[in-house]
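Remember, it's 1-based here, ligands and their atoms both numbered in the order they're listed.
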Amino acid sequence: MGKEKKRKLKKPGKNWKKFWKLGADEFNTQFFNISKEGDLMVNEGHHIYNLHGLAKKYGTPLQVVFPFVIEDRLKDLIGYFQAYIKIYGYKGKFFYHYPMKVNQNKEFILPLLSEGANLEVTSANELWLVKKLWEGEKFNNKIRVLCNGPKTDQYLDLIEELRSKGMTIIPIIEGPEEIERLSKYKGDIGIRVDLSIKADTHWDKKFDRFGLSEKDVLNLDKMKNLKILHYHLGSQIKTQKSIFDGIKHAFTIYVELQKTHPNLDTLDIGGGFGIPYEKKKFYTAKGVSSKIIKILKNLSDKAGIKHPNLAVEWGQYVVAPAQVTIYKVISKKMIPKANARAWYIIDGSFMNDLKDTWAIHQKWHTIPANNMYGDLKTVWFAGSSCDSDDKYTAGGNYILMPKISEDQDQYVAILDTGAYQDSLASHHCLLSAPMKILAQDGMITIARKRESPETIGKLFGWNGEHK
Ligand SMILES: *Cc1c(COP(=O)(O)O)cnc(C)c1O
C-alpha cells in the first residue's frame, strides 16, 4: 500500500481576512469581514449582519440577499459610463438595461429600478411582470424596455398593448419571420445580429441560433423605425479583449447598416461581463467602461458618423454578488484516495439550489460562515439529494474548511449566488428550496418562507387528499 501523498495546505498566517479573500474590491468582497469569534460578517455602511447568527436564527439552507449591494453596483456602473462619456466628450447616450432572466425576484428588480435601470425581457411572462409594475405605477414613464427572445403571439400582443399604453418598448427582431410580423409595429425596433466572431466564454457555441446572420442583417429591406443593433456574445466572458473585439466587430456592421437605415442610432452590446467567482485577478468595470467609450468614440470619428447611443445589458455583473447561500454541514465521510480528505455533506443541494454547479461546472467561492480561524482540512461537498452528481469539488480540486468539532455546528457560505440560480432551481428528491431573507437597513425580512412538505407536494399535484 502506497502512502497517501502528503498535502501542503496553504498557511493562513495572521491575515485571515486576506486568506479567505474578503474585504477586497477586486473580488466584490469589500463588504465582508470576520468577527473576533470567527463568524462571517457583512457590513452595510454602519449596519452589520452576522451570517453565522442569521443561519442559526433562521435555519439552513438559507439565502441572504443584500439589496444595498445591487444598488451600489448599479450606481457605480452607471457612474463610470457617465463619467467617461464626459471625459472623452462622447456625444451618444448611455442606457443600462437589466436583463430580467438573470434574477426576476422582486427583491432584485425593485432596487434596480430605484437606481434607474431600464429593462430587457426574454419572454411573455417576464413582460407580464413588467406590465404589472407599469399598472401599479411603479415606473417612471421614461423607462425603456427591450424585448428579446423568440416572439410568440402572446408575447407580440403584450408588446403591442404596452406600446399603445405609452411605454417605450422596443422589440428586437430575433429571426426572419419576425421581420414580417413587426413590419407594422409603430414604435422603435431593434435587430439582433449573430456576430461571426468568437468570444472567450462557455457559451461560445459553434452554431448560434440567436439573431440573424451578418449577411441577412446587411441585406435587410428598409425599415424606417430600426433604431438598435443588438448582439450578445454569451455570459461570463473571460477576457476584456473579447468584449472589445465584439464591439469593434459589431461597429463595422453598425456603420454598414446605417447606410441603408439612417435612423439607426444605438448599439446594444448585450450582457456577458464576468464575475471573479474564483477570486482570482479579473478585469474591472471601471477599466472596461473607459475603454468601451474610447473605442466607440475613435471608431465613429474615423468613420465620420454620429457617436452611437450605447446600451449595456450586464446582468450577472450587477446582481451575482448580492446573494450568499448558507448550508449546515450535517455529516462527514472520509475519502480514501483523492485530492480531498473528506466529504462534508450539507443540508441542501447543489443540484437543486445552485444548478450551475451541475450544469456548467460553475466554481464558487466557498468559505466557512463560522469558525473561520479554525484548523483546516481539505474537503469536497455533497448535497442531500440521492444523486451522485449532487456535489461540489471545485473542479476535482479541494475546498478548505475548518475541521468539524464536536461542540459546534459548522456552516458553509457560498458567495455570489445572485445570478441565474433561482429560476433554474428544482426539487430533485423533493428537497425544500432554501429559505430567503433580505438584509437591508440593518433589518431582516423574510422573502421566501421555508417550503413545507405540503407546499412541495402541491407542486406535484398532491392537493390535500393523498389518494
Ligand atoms: C442572458 C442575456 C444577458 C445577460 O447576460 P449576463 O452574462 O448576465 O450579463 C443580456 N442580454 C441577453 C440578450 C441575454 O440573453
Side-chain angles (χ1 to χ4, degrees), residues 28 69-70 73-74 76-78 80-81 95-105 108-109 112 117-127 130 144-151 155 159 169-175 178 189-195 199-205 208-212 217 228-240 242-243 246-247 250 266-277 282-285 288-289 292 310-323 355-356 359-360 362-363 416-424:
N28 304 319
V69 174
I70 301 173
R73 292 179 73 74
L74 183 54
D76 287 352
L77 183 64
I78 294 176
Y80 296 145
F81 276 104
F95 297 104
Y96 176 78
H97 287 262
Y98 173 66
M100 273 182 80
K101 79 159 191 286
V102 184
N103 193 323
Q104 303 93 338
N105 282 291
F108 280 73
I109 301 290
L112 287 159
N118 298 289
L119 294 173
E120 184 262 354
V121 303
T122 335
S123 69
N125 289 350
E126 284 182 357
L127 189 55
V130 175
R144 298 160 65 88
V145 179
L146 301 178
C147 299
N148 265 306
K151 316 290 182 304
Y155 195 0
I159 292 172
I169 180 163
I170 307 168
I172 307 287
I173 292 171
E174 160 73 39
E178 288 179 12
I189 52 176
I191 191 138
R192 174 160 175 174
V193 59
D194 170 16
L195 292 187
D200 200 355
T201 130
H202 168 85
W203 286 269
D204 187 22
K205 298 288 187 280
D208 191 342
R209 66 172 190 281
F210 302 106
L212 278 76
V217 165
I228 299 181
L229 178 67
H230 165 61
Y231 69 89
H232 172 67
L233 289 171
S235 281
Q236 191 64 18
I237 296 173
K238 290 181 193 132
T239 62
Q240 55 180 359
S242 274
I243 298 178
I247 292 173
T266 303
L267 181 64
D268 173 356
I269 67 168
F273 198 103
I275 287 283
Y277 284 106
F282 211 74
Y283 55 84
T284 67
V288 170
S289 54
I292 287 177
L310 171 67
V312 165
E313 304 173 357
W314 295 341
Q316 176 155 238
Y317 168 79
V318 173
V319 300
Q323 180 176 289
K355 179 130 272 128
D356 278 340
I360 57 169
Q362 173 74 53
K363 294 222 183 115
D416 305 315
T417 62
Y420 295 109
Q421 306 315 302
D422 245 38
S423 59
L424 290 171

Donor-acceptor check, side chain of Tyr98 to backbone of Asn103, threshold 3.5 angstrom: yes or no?
yes
Sorted by chain and residue number, the salt bridge (Lys or Arg N to Asp or Glu O under 4.0 Å) partners of Lys363 (sequence neighbours excluded) come out as Glu278
Could you list, one pair per line, each nitrogen or oxygen of ligand 1 together with any protein nitrogen or oxygen closer than 3.5 Å, giving atom names and the distance rounded to 0.1 Å?
unit_1	atom_1	unit_2	atom_2	d
ligand 1	5 (O)	Tyr420	OH	3.3
ligand 1	7 (O)	Ser235	OG	2.5
ligand 1	7 (O)	Gly272	N	3.2
ligand 1	8 (O)	Gln316	N	2.9
ligand 1	8 (O)	Tyr420	OH	2.6
ligand 1	9 (O)	Gly272	N	2.9
ligand 1	9 (O)	Gly315	N	2.9
ligand 1	11 (N)	Glu313	OE1	2.5
ligand 1	15 (O)	Lys101	NZ	2.8

Could you pull out all residues at least two apart from Asp422 that satisfy salt bridge (Lys or Arg N to Asp or Glu O under 4.0 Å)?
Lys436, Arg448
When Lys238 is tested against each of Thr201, Asp200, Ile243 for side-chain contact (heavy atoms from CB on, under 4.5 Å), which residue passes?
Asp200
Using the salt bridge (Lys or Arg N to Asp or Glu O under 4.0 Å) criterion, which residues pair with Glu178? Sequence neighbours excluded.
Lys151
Donor-acceptor pair, Gln421 side chain versus Lys355 backbone, under 3.5 Å?
yes
